[in-house]
Each structure stands twice: as C-alpha cells, then as structure tokens.
Amino acid sequence: LGGMVAVAADLPYAAIPRPSLAVEPLEGPFDDRFDRLWQRVMPRYGAVGLRDAETLNWRYRAHPDTGYRTLFVADAGEIRGYLVLCTYRHGARLRARVVDILAEPEDHRVTLDLMAAGVRLARGAGADRVGCFVTGAPLEAAVQRLGFRPRLKKSKEPQPLLFRGL
C-alpha cells in the first residue's frame, strides 16, 4: 500500500524538459578542466567543500562501493558545470540521488540542464525517485522548476532534501 501511495503522490510532477545545452557523460577521470572550473567558482561561494580534480577522482572514481555517474556541460573546451548522481536500493525500489553539482552560481541554464539530464539518467536507470540536498536559492529554484518538492520534518518544517518522482 505504501508504494501505491508514493506513486499517487508523485503523479502531479511536471514533465522533465530536454536540456538545451549539450550535457555529456564523463567517461574517464576528472581532469584539469575541472580544476579550472573549481578555481573560477570557488571564490563565488561563501563556504564550499574542496572540488578539485584530485578530490573528485578520490571521492567519485576510486569509491569501491558506489557506481557514481557524472554529467558535465562544456563550452570551448572548458567545463561550465557538472553533476554527480548515484543509484541505490531502498527496499525493493531503485532510487537515485544527486550527490554533487557545481556551476557558476548565476549560470542557471547550466544548473537546470544538468538537473534535467540527471533526472532523465535516473529514470533511464530504472529509478522511481530522485533526491538531492539543496543549499542555495539558485539550485533550489532550478530543482523546484523540475518538480522537486521538499521533504517535511515531523514538525512540518521543510528539510533541504528535495525529492521528485519519476
């Protein structure tokens, strides 16, 4: 019964738009293009965890237990943004979570297209729901445009964890 209720609750979600930018999968390791992105965006965020290529490779490529998938947008050989997604089992269901996304804070088109491509990737993998933590207004606006909704605490206050049914 719980599964049917979850499906019914997810029915009003909007269709996922096709990205207008070229969103590509990263097949190899994170490289110096990601270092340059990191150097460009790091000063624009008040507090942000280290995201140079070495750290990204350690966190997402050398991880033995989780199959992370990375999508990115590039322009003239430079990375404009990336998204990292993983899938996991939640009982009998396959779920997905966006575990990392980075772009220029004001580059809303890149953020929106990466999130749309990530949702499409999760759906293609067979996930029935995708979640992400949001920590800023631009990302929150992008994910809400794609139909993500906050999960409420027992106190009915919203959490920074948003979900979208697929």
Side-chain angles (χ1 to χ4, degrees), residues 2-30 33-34 37-38 41 45 48-49 51 56-57 59-61 63 65-75 78-153 158-166:
M4 291 177 12
V5 171
V7 169
D10 292 339
L11 287 176
Y13 289 125
I16 297 298
R18 291 191 184 280
S20 61
L21 301 171
V23 179
E24 304 174 51
L26 180 66
E27 301 298 339
F30 292 90
R33 299 173 301 161
F34 291 88
L37 170 66
W38 171 241
V41 304
Y45 289 94
V48 63
R51 289 188 171 122
L56 295 172
N57 282 315
R59 184 171 292 147
Y60 302 122
R61 292 293 190 240
H63 199 288
D65 298 331
T66 305
Y68 292 105
R69 300 183 68 186
T70 303
L71 301 171
F72 69 94
V73 172
D75 186 18
E78 291 299 316
I79 302 293
R80 289 179 59 189
Y82 72 85
L83 173 143
V84 181
L85 177 111
C86 70
T87 55
Y88 61 96
R89 287 271 166 212
H90 181 78
R93 298 185 193 133
L94 185 67
R95 299 280 170 88
R97 178 157 297 146
V98 174
V99 296
D100 198 354
I101 184 169
L102 185 68
E104 297 271 354
E106 68 282 347
D107 201 343
H108 305 293
R109 176 85 269 152
V110 168
T111 301
L112 186 63
D113 281 5
L114 284 168
M115 286 299 299
V119 170
R120 288 174 169 272
L121 179 65
R123 183 172 41 203
D128 70 350
R129 185 172 288 195
V130 63
C132 69
F133 283 96
V134 295
T135 56
L139 180 57
E140 185 172 0
V143 300
Q144 286 185 346
R145 282 182 59 194
L146 294 173
F148 283 76
R149 301 289 181 257
R151 183 175 208 166
L152 299 178
K153 298 178 187 177
Q159 297 183 47
L161 177 62
L162 280 74
F163 284 99
R164 186 199 194 285
L166 301 176

Do C132 and I101 have side chains that approach each other closer than 4.5 Å (heavy atoms only, starting at C-beta)? no

Just wondering, do Y88 and T66 contact through their side chains at under 4.5 Å, heavy atoms? no

Between P17 and L146, the two heavy atoms sitting closest are CD-CD2, 3.5 Å

Are the side chains of L21 and R109 in contact, using a 4.5 Å heavy-atom criterion? yes

For F133, give me all partners under ring pair (Phe, Tyr, Trp, His ring centres under 6.0 Å), at least two apart in sequence or on another chain. none

Shortest non-hydrogen contact between G118 and L83, atoms and distance: CA-CD2, 4.2 Å

Taking ring pair (Phe, Tyr, Trp, His ring centres under 6.0 Å) as the definition, give me every residue that meets it alongside Y82, ordered by chain and number, with sequence neighbours left out. F34

Are the side chains of P19 and L114 in contact, using a 4.5 Å heavy-atom criterion? no

Just verifying a value: how many Å separate I16 CD1 and R18 CZ, rounded to the nearest 0.5 Å? 11.5 Å

Once rounded to the nearest 0.5 Å, what's the spacing between atom CG of L56 and atom OH of Y68? 12.0 Å

For R51, enumerate each residue passing the salt bridge (Lys or Arg N to Asp or Glu O under 4.0 Å) test, keeping only those at least two apart in sequence or located in another chain. D100

Which residues pass the salt bridge (Lys or Arg N to Asp or Glu O under 4.0 Å) test with R33, sequence neighbours left out? D31

State the CD-CG distance between Q144 and L139, to the nearest 0.5 angstrom. 10.0 Å

With E140, which residues qualify under salt bridge (Lys or Arg N to Asp or Glu O under 4.0 Å), at least two apart? none

Would you say F30 and T70 make side-chain contact, with heavy atoms under 4.5 Å? yes

Among residues at least two apart in sequence or on other chains, which ones pass side chain to side chain donor-acceptor pair (under 3.5 Å) with D107? R80

Looking only at heavy atoms, what is the nearest atom pair of T111 and A103, with distance? OG1-CB, 4.0 Å

Taking all non-hydrogen atoms of both residues, which atom of L94 and which atom of A125 are closest, and how far apart? CD2-O, 3.3 Å

Taking the side chain as every heavy atom from C-beta outward, state whether T87 and R95 have any pair of such atoms under 4.5 Å apart. no

What pairs with A74 under side chain to side chain contact (heavy atoms under 4.5 Å, CB included), at least two apart in sequence or on another chain? F72, I79

Going by the rule ring pair (Phe, Tyr, Trp, His ring centres under 6.0 Å), which residues pair with H108 if we only count those two or more places apart in sequence or in a different chain? none

Which residues satisfy the side chain to side chain contact (heavy atoms under 4.5 Å, CB included) test with L121, sequence neighbours excluded? R69, L71, L85

Sequence neighbours left out, what passes side chain to side chain contact (heavy atoms under 4.5 Å, CB included) with Y45? Give chain and number order. V41, V48, L102, P105

Listed partners of E27 passing side chain to side chain donor-acceptor pair (under 3.5 Å), at least two apart: none

Would you mind reporting whether M115 and V130 have side-chain heavy atoms less than 4.5 Å apart? no

Is there a donor-acceptor pair under 3.5 Å between the side chain of R89 and the backbone N or O of A92? yes

Quick one: list whatever passes salt bridge (Lys or Arg N to Asp or Glu O under 4.0 Å) with E24, sequence neighbours left out. none

